[in-house]
Amino acid sequence: MNIEQTLNEAVQKAIEDLYGQQVNEAQVQLGQTKREFEGHLTLVVFPFLKLSRKKPEDTAVEIGNYLVKNTSVVEDFNVIKGFLNLTISSSAWISVLQSVHDTPRYGCVEADDNSPLVMIEYSSPNTNKPLHLGHVRNNLLGHALSEVMAANGNKVVKTNIVNDRGIHICKSMLAWSKYGHNETPETTGKKGDHLVGDYYVAFDKHYKAELKELMAQGMSEEEASAASPLMQEAREMLVKWENNDPEVRALWKQMNEWVYQGFDDTYKKMGVSFDKIYYESDTYLEGKDKVMEGLDKGFFFKKEDGSVWADLANEGLDQKLLLRADGTSVYMTQDIGTAKLRFADYPIDKMIYVVGNEQNYHFQVLSILLDKLGFSWGKDLVHFSYGMVELPEGKMKSREGTVVDADDLMEDVIKIAREVCTEVGRLDECSTEEIDEIARIVGLGALKYFILKVDARKNMTFNPKESIDFNGNTGPFIQYTYARIQSVLRKAAEQGLEIPTTLDTSVKISEKAQQLIQSITKFATVVQDAGKDYNPSGIANYVYELVKEYNQFYHDYSILKEEDESLKMLRLVLSLNVAKVIKTGFSLLGIEVPNRM
RNA sequence: GGUCGCGUAGCUCAGCUGGAUAGAGCAACGCCCUUCUAAGGCGUCGGUCAUAGGUUCGAAUCCUAUCGCGAUCACCA
């Protein structure tokens, strides 16, 4: 039990003894005391004035006296207006540090057999072009959220639905067969996804040229796009694909393999992974059965042309198409089909979709439809809806070539990290392999932290220059503090100091150290909140605050020069646990920490 | 036009289950390395929390309206 909980109960008891009234846990407002006042925790007494029938100050003094007398943790108090600032004893803080010290992954709860199963879908790429900055945000958030949910005692299954079919893939295929000269990743040395993406661009280039020519002959833009031979050919290819044409299928399989190989490299570098991958080519027909079932049960209706619709007027929404007149599926149908397969594979208790906020409406509808179709988790499915990533110049536009490629981006940050690490000169004795590894950790740390510190729901601006910054609220700043603590611990070990398992509670530690312990314990709450709100950014901002606070502590006290052995040990243990929380917090974000940098 | 989201310092962002004088970083200008990693610390400068009402002991936070920005409302995925 932490100090806040203990005090909360003590205050409830105090109110009962002093004023003879019952209050519940939520009515006791205990918060962290503001820096400019003395004390650690502050009780807001305004809510109790009706019970005490006294002035705020008098009520606060009464409760303060009661707590000092009746609890062992409250040492002193002061009152400012309706705020009762409580000072916790040094020994109580050391006991708290002891319990953190005893817990390996402090703040995290392991899942057991009875834990709910949470499935998280993220990434969900198309196979016609490489991953870009938007996917990076998706992947980082999805992976971080998976870690956060797991740390809150859930069984987590990470999944990816790959959109491997459709007209866009046919465009790449067509362009490759027309202009490709049998190029392969091996012959060109290009990553497979980039190679395929290049042909998608090539298609667009030739198609545009065609349009221009046709329009020069007097056609309108619409007429031209309808008459374009290239586009017609692409459509024909799609039909052939759907009819299982062996040649088209073989090409499709070949090119998708290239892309998967490329994606695997990117995922690996990014540090994300999946437990189960679904392919749309497998699931896109599955939804039909479910829709027909819903049609039979009267949830949906058929129009004269044979198309099937859901009427969501009762939910305040419009009608939504589920099957085209020709019986083929639309996006919504596919998501229903995927849901069906997933539920057959896993006993899902909660489904989380990590998908951009431009699809808010889609998931609102999907939730209703899945619920109607009898999926127990449909109603409460979570659309983890994140905002768009924009550049300082505005949105990314493929037409203007401003799309930021994921592979290039990662390579750039690692390269710059290597330059900076080498420049500083602390790694001179390290081998090139070690330096490469540190550069990788630091570079990716900068990128990941830059993206994850922002509230996922909001649109964000991605400034390439700032993303590789190493000062201020950045990943490397935090990693640096971690590395520095490791250095201190190494030096301590060299001096033959052994980290104690049991702490001396009689030591009088400084006010800053006490506040630092308080900040460490906040981590458990932060992890819980992140799981509740499905929002990892809270963890990033928390770790930053903790690190800043530790830096002040580090600056003010020389740990290894401290003469009082007990005090020295406490500071070492405190530093060790700060490092532990940094590492745990960063691991929830999918960011590594270096032992030196 | 309907629906949803967002608007906090010059810039990027915290803070939002209502709590004390609204916080960081970047940028600008100072100070601190014979001291465990200065990728650090300390300070100065910078605000009508979009606007107007409302709810109450108390509102950046909750409610309503207005303005601005964005997304979406496809037989695209």
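Numbered from 1 within each chain, the chains take letters A, B, ... in sequence-line order.
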From C-beta outward on A/Tyr361, which listed nucleotide comes closest to its side chain: B/C6, B/U72, B/C76?
B/U72

Of the options B/C13, B/C75, B/A77, whose atoms approach the side-chain atoms of A/Ala325 most closely?
B/C75

Write down the distance between NE2 (A/His383) and C1' (B/U72), rounded to a whole number of angstrom.
12 Å

Could you state the atom-to-atom distance from CD of A/Gln29 to P of B/C57 in whole Å?
14 Å

Please determine, for B/U44, whether a Watson-Crick or G-U wobble partner exists with both distances under 3.5 Å, and give it or none.
B/A28

Counting side-chain heavy atoms from CB outward, which of B/C4, B/A71, B/G40 is closest to A/His555?
B/G40

Would you indicate what A/Asp529 reaches in the nucleic acid, counting non-hydrogen atoms under 4.0 angstrom: base, sugar-phosphate, or nothing?
nothing

Nearest-0.5 Å distance, OG1 of residue A/Thr87 to NE2 of residue A/His40
6.0 Å

So does A/Thr42 reach the base of B/A20 with its side chain, donor to acceptor, closer than 3.5 Å?
yes

Quick check on B/C49: syn or anti? Syn means the glycosidic torsion is within 90 degrees of zero.
anti

Pairing partner (Watson-Crick or G-U wobble, both distances under 3.5 angstrom) of B/C16:
none

Nearest listed nucleotide, side chain of A/Phe470, among B/C6, B/C75, B/A39:
B/A39

Out of B/G70, B/U37, B/A77, minimum distance to the side chain of A/Gln359 belongs to B/A77

Presence of A/Tyr331 side-chain N/O under 4.0 Å of B/A77 phosphate oxygens OP1/OP2
no

Looking at B/A9, which nucleotide sits across from it as a Watson-Crick or G-U wobble partner, both distances under 3.5 angstrom, or is there none?
none

I want to check something: taking the side chain as every heavy atom from C-beta on, are A/Gln232 and A/Met237 in contact at a cut-off of under 4.5 Å?
no

Quick one: do the A/Gln359 and A/Tyr353 side chains pair a donor with an acceptor below 3.5 Å?
no

In whole angstrom, what separates A/His168's NE2 from B/C76's C1'?
9 Å

Are any of A/Lys491's side-chain N or O atoms less than 4.0 Å away from OP1 or OP2 of B/U37?
yes

Selected nucleotide, minimal atom distance to A/Gln552 side chain, candidates B/C36, B/A39, B/C42:
B/C42

Once you round it to whole Å, what is the distance between P of B/C73 and CG of A/Leu312?
15 Å

Counting Watson-Crick and G-U wobble pairs only, both distances under 3.5 Å, name the nucleotide matched with B/A22, or none.
none

Within the structure, does a side-chain N or O atom of A/Arg426 lie under 4.0 Å from either OP1 or OP2 of B/A39?
yes

Atom-to-atom span, NE2 of A/His362 to C1' of B/C4 - whole angstrom:
16 Å

Looking only at the side chain of A/Tyr554 (C-beta and beyond, no hydrogens), which of the listed nucleotides B/C75, B/U37, B/A14 gets closest?
B/U37

Considering just the side-chain nitrogens and oxygens of A/Arg324, establish if one lies under 4.0 Å of OP1 or OP2 belonging to B/C76.
yes

Side-chain donor-acceptor distances from residues 131-140 of chain A under 3.5 Å, at least two apart:
residue  : atom : partner  : partner atom : Å
A/His132 : ND1  : A/Gly134 : N            : 2.9
A/His135 : ND1  : A/His132 : N            : 3.0
A/Arg137 : NH1  : A/Gly387 : O            : 2.7
A/Arg137 : NH1  : A/Lys458 : O            : 3.0
A/Arg137 : NH2  : A/Asp455 : O            : 3.2
A/Arg137 : NH2  : A/Ala456 : O            : 3.4
A/Arg137 : NH2  : A/Lys458 : O            : 3.0
A/Asn138 : OD1  : A/Ser123 : N            : 2.7
A/Asn138 : ND2  : A/Val354 : O            : 3.0
A/Asn138 : ND2  : A/Tyr386 : OH           : 3.0
A/Asn139 : OD1  : A/Ser123 : OG           : 2.6
A/Asn139 : ND2  : A/His135 : O            : 3.1

Contact between A/Arg440 and A/Leu444 at the side-chain level, heavy atoms closer than 4.5 Å - yes or no?
yes

Under a 3.5 Å cut-off for both distances, is B/A50 Watson-Crick or wobble paired, and to whom?
B/U66

Give a yes/no answer on whether the side chain of A/Lys458 brings an N or O atom under 4.0 Å of OP1 or OP2 in B/A14.
yes

Kindly confirm whether the side-chain ring of A/Phe83 is stacked on the base of B/G19, judged by centres under 5.5 Å and planes under 30°.
no

Can you measure A/Gln32 atom CD to B/A14 atom C1' for me and round it to whole angstrom units?
15 Å

Closest to the A/Asn473 side chain: B/A14, B/G19, B/G25?
B/G25

When you compare the side chains of A/Asn595 and A/Arg490, does any donor N or O come within less than 3.5 Å of an acceptor on the partner?
no

Side-chain atoms of A/Arg484 come closest, of B/U12, B/C75, B/A38, to B/A38

Does a nitrogen or oxygen in the side chain of A/Lys303 sit under 4.0 Å from OP1 or OP2 of B/C75?
no

Using a cut-off of strictly less than 4.0 Å, decide whether A/Asn471 has a side-chain nitrogen or oxygen near OP1 or OP2 of B/G40.
yes

Can you identify which nucleotide, out of B/A20, B/A71, B/C75, has its nearest atom closest to the A/Lys395 side chain?
B/A71

By a 5.5 angstrom centroid cut-off and a 30 degree plane limit, is there stacking between A/Phe46 and B/G19?
yes

Ring-face cation of A/Lys303 near A/Trp309 (centre distance under 6.0 Å, axis angle within 45°):
yes

Applying the 3.5 Å cut-off to both distances, the Watson-Crick or G-U partner of B/G1 turns out to be B/C73

Just call it for A/Thr461: base, sugar-phosphate, or nothing, with non-hydrogen atoms closer than 4.0 Å on any strand.
sugar-phosphate

Evaluate A/Glu549 against A/Ser519 for side chain to side chain donor-acceptor pair (under 3.5 Å), listing each step before the verdict.
CA-CA 9 Å; A/Glu549 208 178 323; A/Ser519 298; 2.7 Å; yes

Counting only Watson-Crick pairs (N1-N3 plus N6-O4 or O6-N4) and G-U wobbles (N1-O2, O6-N3), all under 3.5 Å, who is the partner of B/U56?
none

Indicate whether OP1 or OP2 belonging to B/G41 is found under 4.0 Å from a side-chain N or O atom of A/Asn551.
yes

It should be established whether A/Lys34 places a side-chain nitrogen or oxygen under 4.0 Å from OP1 or OP2 of nucleotide B/A20.
yes

